[in-house]
Each structure stands twice: as structure tokens, then as C-alpha cells.
Amino acid sequence: MPTIFLKTIKKRVDFLKVSKSGKKFFTKGFILQKYKRTVGLEKDTIRIGFTITKKIGGAVIRNKIKRRFRTIIREIFTKYLKKNYDYVIIANKKSLIMDYKELKSDVIKTVK
RNA sequence: CCAGAUAGUUUGGUGACUGCUCGCAUUUUGAGAGGAAAGUCCGGGCUCCUUGGAAACGUGAUGACGGAUAACAUCCGCCAGAGGUAACUCUAGGGAAAGUGCAACAGAAAAAAAACCGCCAUUUUUUUUAUGGUAAGGGUGAAAAGGUAUGGUAAGAGCAUACCGCUUUUUUGGUAACAAAAAAGGCACGGCAAACCCCAUCAGGAGCAAGACUAAAAAGAGGUGUGCGUUAAAGUGAGUUUCCACAUUUACACCAGGGUAAGUUGCUUGAGAUAAUUGGUAACAAUUAUCCUAGAUUAAUAGUCAUCGCUUGAUAAAUAAAAGAUUCGAAGUUUUAUUUGUUAGGUACAGAACCCGGCUUAUAACUAUCUGGCUUU
RNA sequence: GGGCCUGUAGUUCAGUUGGUUAGAACACGCCGCUCAUAACGGUGAUGUCGCAGGUUCGAAUCCUGCCGGGCCCA
């Protein structure tokens, strides 16, 4: 079993690729997009990105949402996430009010 | 106790588990958001345009006076005006006697005055009408060419006098704005310059996505046409024009072709912070000592849970004071204050992005001093 | 991060420079025409001029500060 690497998506092009050709899952707090990469440049890595628009709030609120999602992913990625996949989470306004445990269970459901 | 004014401080703590960025370094240790980091409204540093010097015009900004500062539209002091019972606050606060312009409607008249209703005189004479005097009163308007009182007059009027205001001059105080006093002038000189403008002072433009380097690729050094020899051409500085100076020999136009955003650097030691002393009313300056205090780039500085603070409301108990009823007294009742427990909330505004000095806006809690009012002694 | 533009009826725009009346078209309401609808004709309403201060006798317009919307950079 090779070790799994976690990386973040940083380029705009990658985000567009995921949103165009990936599968979408909707929940109360966020939208998840999933896409399997064909190029084998980075083997055995999971890449994840976050999209939080300016409509949701100021910089403080956006940062807080991002941190919460990041910790959730860090806790669960070894168990649930598949390698060679790209994930993008688009956050909603409700994700700020929602409970941490509730949000975590939602993420696990959609990732499967 | 209530209401207000000014100045300042802080930005919750502890623990557990799981984590992020940078530096040293090689497995551990050190550091890690703000008073506004915000808005991008001003002023600088820094970089490029770029390898010079000056003048005129134009454009923009600022505007009492004196200082502080690298600089400013900032700050300090002071003056004037306005607001407030007061503490205190606010003011784009030069020039309307250089010129041009504006003032709808109303009103007789909106600026070298003029006369609608009036008032008065003369003529006529019951009145009307006409001519002249007048600007007290009425009316219009945001604004009507000093105000009040007395005298004076045909009626009136700075026509005269007193006080106030205004203008000019002198003296005194002050660095100055300005203030005070005295004398003179009978008043000639209304408002708007955040209308054009005039005066004084200042200002080149663009911005760290500036700019520099590395790698890759392509080009440079490809083609065609036109003009061409020191008298000239075009260039160097920015908005325009002109003058001087400078260095250069090819210059200009068109066609064809390439590149589509990688990395490093700029990047954090600076008009730096803290403390003391000295000078200054103060802003601030000088000297000495100590300290190094974020550098990300889908963008770190935290997430979850527990608990303790702080604070608001509800509720229960205890203690203290007051009230009226009953009255020998106590318990009990109501109100207020304090303490303790339980429970439900709240714990702001908000996240560095090259760096500083301000301004403006958003906001939680606390402290000190001062002012006014109420109550008690 | 930096630079720039723009906000007026329900919608699309005039008016702003140069201060004293807020307008046009479409849409909307009512009436007429029609057996009925549309079209057509008549008529009517519609605005804190993005918000808050200041200058002025007077501000959509001039000045200052906020708020919203949009664009650009290598």
C-alpha cells in the first residue's frame, strides 16, 4: 500500500476542469464536485480545493469557513477519499451557521 | 444617581486532542494580525519612464496668524466667528475698493439707484387731477444703502446730538493674525468666489500586477519601400511651446514571424520600538541605554471540546434599610440594595499582502479628569 | 494589491457643464371602440434624483464623506 499525499488545487484551470466534467453533489451547506484525473503525473495524490465567493461575507467569515472544511478533510481523508481524484467544495451561506458534526457527516456522505 | 464633555487603556484566560506558515537547523527549538490590518481620501520613501539646464503658458491642489514635520488637506499653540446653561466643540477662515457674471417668482426698485401705496406743500378746491418735496410708515422678498432714543421740520431725512455699529488715522501691547484706547469721518463701501476669476504658496507621470534576474521558446542578425550627408534630419523631459546645452549616424513606414503568464528576487532594520534625561506652553526635537517584533501568494497565524472570567435578563434563598397596616411585640407583606445558587443568552468591529506619516468610516468593555442637574448629610 | 468608471419612474434613458419647472419612450391602471381579445384613441398615477453632511435665499446639479454595481492590470 503506497502512502497517500494530500495537495491543494491552486490554479484556475484545474478548478474549471473539475466543475465542467466532474460529478456534482448538493447538500444544505455546500456543493461538492468530484473528478478523476487521467494524467498520471502525480501518482497516489488527492487534490482538494475550496471555492468561497465574496457574496458570503468578509475576509474573516470566508477564512473561518475554509478552516473548518480543511480540518474536516484532514480528519477523514485517509479513510474515505479516493486517490487520483480531484475534489472541489463550493461553500454556502448556511455552512457558517451549521454545526461542526453535522457538516462532517454531510461531507462523508457525499464523498462516498 | 442621571445626562454630557475630554483624554487614555485593553482586545479574555487555562487545559486536552488535531494542525498551518517562516527562520535556524535536521528533530527539536524560536517567532507568528490590527486599532482600525478597512476605505484608498491625502502626504512621502522606493522603482521605472530617464543620460541634461531653464523660461513662458496651461492644469490641479492648498488658503487667518505663528510654529512642528521628510512631507501633508495632518498635528500643536493662538486669533476671529458660530453653537452650547457649562465642561467644551465646530469652521475650504485670503481678495467682492482689478474685472466679468448671477439673483427665478414677487416687488416701484435687486445696485453710480428709484418712488407703487403713503406723508407734506403748492395749484385747483367737496373730492379728483397736476407739479414739486420726502424716504418716517405700509407692502414684496432670502436680501431694500446703518440701529435705538431725543431734538428738529410743512412733512421728513445723519439734518443735528447721545450711545452702539462701521470706515480711516494714530498710540500702546503682541513675532504676527489681532486686541485695547484716543481722534476724525456723518456713513461713501449689500450678498454669492464649494460662479468665472485675481493674489500667494506648492506640485512631472505611472505604479511592487512598479521593476530586476533565471529557464524554456522565438527573435535579435527576416523582407520590402521611401528619404539621406553636417547648411540638414531626427533624438535626449515628461501637458504644450520656446531657448540653451548634449551626444549619435542611420531614420521612418509597411509586411511576415514569435510569446499567453513558470520560478527567483523586490520582501522586510525602519523618518523602527521601549525606557530615562534635557529643551519647549505644546506638537516635537536631541542624547544615552536596551531590543529585533509576520512575511503568506486558493493566500499561514487556527479547528473541535471542556472549563473559568466579564456582562444582560429571569427566578429562588439569605442579610440590611425604608414604608404603611395591625399594634405590647414579633412573624408575615411591599419596595430598594448587596451576596450566593439555578437557568437562558451575549462576549464587538473585523484578517497584514512593498513600507511609513495622517485623515475618514465601522465598532465591545473599562479607567481618569471635568461640567450641569437631582437626592441625602 | 493597485488603477478607473457609474448610480434619476417598474424598465431603458434625457436633464447635471451654465443653480430656482424633474421630463420622454415602453410598461401599468381606468374609459371608449369590439360579440370578445389584441391593436387603436382618450385619460391618469408613478420618484426621499443611491445615502448622509456642508456651501447657498435656493442643490438631481457645486463640495466632502460613506454605500451599492461594473471594468482593467501580468
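Just so it is clear, the values below take in all heavy atoms, side chains as well, and ignore hydrogens, waters and symmetry mates. These figures come from a predicted structure and were not determined experimentally. Note on naming: letters A, B, ... go to the chains in the order of the sequence lines (proteins, then strands), and numbering restarts at 1 for each one.
Both distances falling under 3.5 Å, in either a Watson-Crick or a G-U wobble arrangement, place B:G60 opposite B:C202. Of all nucleotides present, only B:U342 satisfies the Watson-Crick or G-U wobble test against B:A314, with each distance under 3.5 Å. Of all nucleotides present, none satisfies the Watson-Crick or G-U wobble test against B:U28 with each distance under 3.5 Å. B:A219 makes up no base pair with any nucleotide shown, lacking Watson-Crick or G-U wobble contacts both under 3.5 Å. Both distances falling under 3.5 Å, in either a Watson-Crick or a G-U wobble arrangement, place B:C349 opposite B:G34. Across all strands shown, the partner of B:U9 is B:A365, judged by Watson-Crick or G-U wobble contacts whose two distances both fall under 3.5 Å. The partner of B:G137, taking Watson-Crick or G-U wobble pairs whose two distances both stay under 3.5 Å, is B:C117. Across all strands shown, B:A154 has no partner, as no Watson-Crick or G-U wobble contact with both distances under 3.5 Å is found.
Looking at heavy atoms from C-beta onward, A:Phe25 lies in side-chain contact with A:Lys34 at the 4.5 angstrom threshold. In this structure, A:Val88 and A:Ile48 have side chains that are not in contact, with every pair of non-hydrogen atoms separated by 4.5 Å or more.
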Side chain to side chain contact (heavy atoms under 4.5 Å, CB included) assessment of A:Phe30 paired with A:Asp106: CA-CA 9 Å; A:Phe30 61 92; A:Asp106 273 4; 4.0 Å; yes
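When each of B:A350, B:A302, B:U304 is scored by its nearest atom to the side-chain atoms of A:Arg67, the top-ranked nucleotide is B:A302. Distances were taken from every side-chain heavy atom of A:Val60 (C-beta onward) to each of B:U304, B:A299, B:A350; the shortest belongs to B:A350.
Atom NZ in A:Lys64 sits roughly 12 Å away from atom P in B:A302 (whole-Å rounding). Between the NZ atom of A:Lys104 and the P atom of B:C305 there is a distance of 11 Å, given to the nearest Å. As rounded to whole Å, 17 Å separates atom C1' of B:A302 from atom CZ of A:Arg62. A:Arg68 places its CZ atom 13 Å from the C1' atom of B:C305, with the value rounded to the nearest Å. When rounded to the nearest whole Å, the span between CG of A:Asn63 and P of B:U297 equals 14 Å. Between the NZ atom of A:Lys66 and the P atom of B:U297 there is a distance of 12 Å, given to the nearest Å.
Comparing the P positions of B:G32 and B:U315 gives an interatomic distance of 48 Å, to the nearest angstrom. The same atom, P, is picked in B:C359 and in B:U21; the two are 38 Å apart, to the nearest Å. Using atom C1' as the reference point in both B:U260 and B:A253, the two lie 28 Å apart (nearest Å). Only the P atoms considered, B:G63 is 15 Å distant from B:U360, to the nearest whole Å.
Across every non-hydrogen atom of A:Thr110 and A:Leu32, the tightest pair is O-CD2, 4.1 Å.
Between atom CZ of residue A:Arg68 and atom CG of residue A:Asn63 there is a gap of 13.0 Å, rounded to the nearest 0.5 Å.
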Contacts under 3.5 Å, N or O only, protein and nucleotides 14-20 of chain B:
| unit_1 | atom_1 | unit_2 | atom_2 | d |
| --- | --- | --- | --- | --- |
| B:G19 | O2' | A:Arg74 | NE | 3.4 |
| B:G19 | O2' | A:Arg74 | NH1 | 2.9 |
| B:G19 | O2' | A:Arg74 | NH2 | 3.2 |

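Two residues, A:Thr51 and A:Ile61, neighbour RNA chain B, and the one matched to the more 5' nucleotide by heavy-atom proximity is A:Thr51.
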